[in-house]
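All figures in this text were calculated on a predicted structure; none of them were measured in a lab.
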Amino acid sequence: MEFVATGRHRWLPSEAVMTSAHSYLRSNAPKIADSMVEIATKSFVASAWSTEKPASTAPISVEDLHRSTEDLAKAAVLVVEDLSSDGNFIRALAKIFNRTVITEALTKRWLVIRHSGGERLEVVARDERQNFNNIVRVVALLDSDKWTSNLRTKSHNKADRLRRQGVKVHVLDMREAENYAPNKILALCGNPAESSRKLGHLKRLDREQRAHFDMKHGFGQVNRPPTIREEQKVLYGSLPDSTVKGLRGGFGTQILRIFEEHSHIVREIHFEDPAIGARKEINELLLKIQEVL
């Protein structure tokens, strides 16, 4: 009842259960009986008429009531590789895509973000999963670390193992979170004149090339001969030398911090840009997070 009253969870009872609950509350808690049933009714109606895809639901019976209530009382957990940068990324996307339920959950600590350091993500996610009984409320976000689109990486293997243990997982389709930053954000990274020049070169990349480009570091250090990884020689083989040289140094390590700080200038439509083409994937990622709230 407290979860429903505070808006933390929704209760979607059948008509028979609602009638039974109302009868019970009238006898045992008459002061809140009508208001609690009204809240449940509004929640049920809102869910029925919502245009959003509903989050997952968990059936709860008398037999598992105590264990399930324990699960629902705990904070849902989002396990990421880096608390700072991935936190910036998720908070920015929740605002841009108007997922107020995620923003509210983060603010009220109903959803917490756990740092894993990358290599230990699977260990941390498994440990968090052990804290839940019946309703596993853990989701993991992994960079794909792909240097080309057809690669299968360690991240995909980790994801498979975690899914088998009941953890929801999203492996980014692009190389890492920085690859999803729109050009409007990249233009704000570093010296404006330098960023503008680099953006001019970045726009020469097609969607696949941009998806696997090292946004933070580019093609090696500035003022040194450009370097392209052996795995990417074919991917970037068509680029002119001037573009490869112009993208040395990348856009720095603060892309996602700037992404969150300036998320107000970004709109959902920007992710439909052919250079990014990630609106559908981002919606899928945010839905997975909503499903554990």
Side-chain angles (χ1 to χ4, degrees), residues 8-10 12 52-61 64 67-83 85-94 97 99 101-102 105-106 110-180 211-212 256 271 277-293:
R8 184 170 184 174
H9 299 298
R10 287 191 295 177
L12 305 178
E52 284 188 20
K53 185 176 180 180
S56 61
T57 58
I60 298 175
S61 65
D64 64 21
R67 288 161 61 85
S68 294
T69 302
E70 281 188 344
D71 291 339
L72 294 173
K74 294 170 184 171
V77 181
L78 169 61
V79 182
V80 298
E81 297 179 14
D82 185 88
L83 175 63
S85 61
D86 289 320
N88 293 145
F89 182 56
I90 293 300
R91 287 189 294 269
L93 292 180
F97 282 68
R99 298 303 178 94
V101 64
I102 296 177
L106 286 168
W110 295 342
L111 170 66
V112 295
I113 301 177
R114 289 281 184 260
H115 175 86
S116 71
E119 287 301 315
R120 298 180 64 253
L121 185 141
E122 186 178 358
V123 174
V124 174
R126 281 204 314 264
D127 184 63
E128 292 292 346
R129 186 262 173 271
Q130 297 307 313
N131 290 327
F132 293 89
N133 303 302
N134 300 332
I135 307 172
V136 181
R137 302 174 58 230
V138 180
V139 59
L141 172 64
L142 295 85
D143 289 336
S144 71
D145 296 326
K146 294 190 300 184
W147 293 108
T148 60
S149 60
N150 58 352
L151 282 182
R152 181 178 174 85
T153 67
K154 291 180 181 179
S155 294
H156 299 98
N157 296 330
K158 290 178 185 177
D160 288 345
R161 291 191 292 267
L162 287 173
R163 289 189 186 104
R164 287 196 289 269
Q165 297 184 49
V167 176
K168 292 186 182 294
V169 186
H170 186 92
V171 180
L172 294 177
D173 183 56
M174 298 193 211
R175 200 178 80 82
E176 56 186 2
E178 283 81 0
N179 293 84
Y180 293 77
H212 303 291
L256 296 178
F271 297 93
R279 188 174 185 175
K280 181 176 181 290
E281 183 194 355
I282 292 171
N283 273 310
E284 291 172 351
L285 164 60
L286 295 175
L287 179 60
K288 286 178 184 175
I289 296 173
Q290 281 185 236
E291 287 177 341
V292 302
L293 297 181

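A donor-acceptor pair is defined here as one N or O able to donate and one able to accept, closer than 3.5 Å; no such pair exists between the side chain of Arg114 and the backbone of Val124. Checked by atom type and distance alone, the side chain of Thr153 pairs as donor or acceptor with a backbone atom of Ser144 at under 3.5 Å. Counting only distance, with no hydrogens or angles, the side chain of Asn283 and the backbone of Lys280 share no donor-acceptor pair below 3.5 Å. Between the side chain of Arg67 and the backbone N or O of Glu70, no donor-acceptor pair lies under 3.5 Å. Checked by atom type and distance alone, the side chain of Arg8 pairs as donor or acceptor with a backbone atom of Ala73 at under 3.5 Å. Side-chain atoms of Lys146 come within 3.5 Å of backbone atoms of Asp173 as a donor-acceptor pair (strictly under, hydrogens ignored). Distance alone, capped at 3.5 Å, places no donor-acceptor pair between the Glu128 side chain and the Val79 backbone. The backbone N or O of Val80 lies less than 3.5 Å from no partner atom in the side chain of Asp86, so there is not a single donor-acceptor pair. A donor-acceptor pair under 3.5 Å links the side-chain atoms of Asp71 to the main chain of Asn133, judged by distance alone.
A salt bridge is defined here as a Lys NZ or Arg NE, NH1 or NH2 lying under 4.0 Å from an Asp or Glu carboxylate O, and Glu284 with Lys288 fails to meet this definition. Between Arg152 and Asp160 there is a salt bridge, with a side-chain nitrogen of the basic residue lying less than 4.0 Å from a carboxylate oxygen of the acidic one.
Residues forming a salt bridge (charged side-chain N to carboxylate O under 4.0 Å, His left out) with Lys168 (at least two apart in sequence, or on another chain): Glu291.
Ser155 approaches Leu142 most closely through the heavy-atom pair O-CD2, 3.7 Å. Contact record, Val138 with Ala125: CG1-O, 4.3 Å, taken as the closest heavy-atom pair. Nearest heavy-atom pair, Leu121 versus Ala140, reported as atom, atom and distance to 0.1 Å: CD2-CB, 4.1 Å. Across all their heavy atoms, Ile113 and Leu83 have their closest contact at O-CD1, 3.4 Å.
Atoms CG and CG, from Leu78 and Leu285 in turn, are 8.0 Å apart once rounded to the nearest 0.5 Å. Here Leu172 contributes atom CG and Phe89 contributes atom CZ; the two are 5.5 Å apart, rounded to the nearest 0.5 Å. Put simply, CD1 on Ile135 and NE2 on His9 are 8.0 Å apart, with the number rounded to the nearest 0.5 Å. Within the model, atoms CD of Glu81 and CG of Asp143 stand 4.5 Å from one another, a figure rounded to the nearest 0.5 Å. If you take CD1 on Ile282 and CZ on Phe97, they are separated by 4.0 Å, rounding to the nearest 0.5 Å. With values rounded to the nearest 0.5 angstrom, Ser116 atom OG is found 7.5 Å from Lys158 atom NZ.
Side-chain contact between Val139 and His170: absent, with no pair of heavy atoms (C-beta onward) separated by less than 4.5 Å. Contact of the Leu256 side chain with the Asp82 side chain is not registered, since no non-hydrogen atoms from C-beta on lie closer than 4.5 Å. Looking at heavy atoms from C-beta onward, Leu162 lies in side-chain contact with Glu122 at the 4.5 angstrom threshold. Proximity of Ile102 to Leu93: side-chain heavy atoms (C-beta onward) are nowhere separated by under 4.5 Å. Contact of the Leu151 side chain with the His212 side chain is not registered, since no non-hydrogen atoms from C-beta on lie closer than 4.5 Å. Within the 4.5 Å cutoff, the side chain of Phe132 has no heavy atoms near those of the Val292 side chain. Here the side chains of Arg126 and Arg129 are not in contact, with every heavy-atom distance at 4.5 Å or above.
Side chain to side chain, Arg137 and Asn131 fail the donor-acceptor criterion of an N or O pair below 3.5 Å.
A 6.0 Å sphere centred on CD of Gln130 holds more than 12 heavy atoms belonging to other residues, nucleotides or ligands. Under a cut-off of 6.0 angstrom, the local environment of CZ in Arg120 is sparse, with at most 12 non-hydrogen atoms contributed by other residues, nucleotides or ligands.
Checked options Leu111, Ile289, Leu293; the residue passing with Val101 is Leu293 (criterion: side chain to side chain contact (heavy atoms under 4.5 Å, CB included)).
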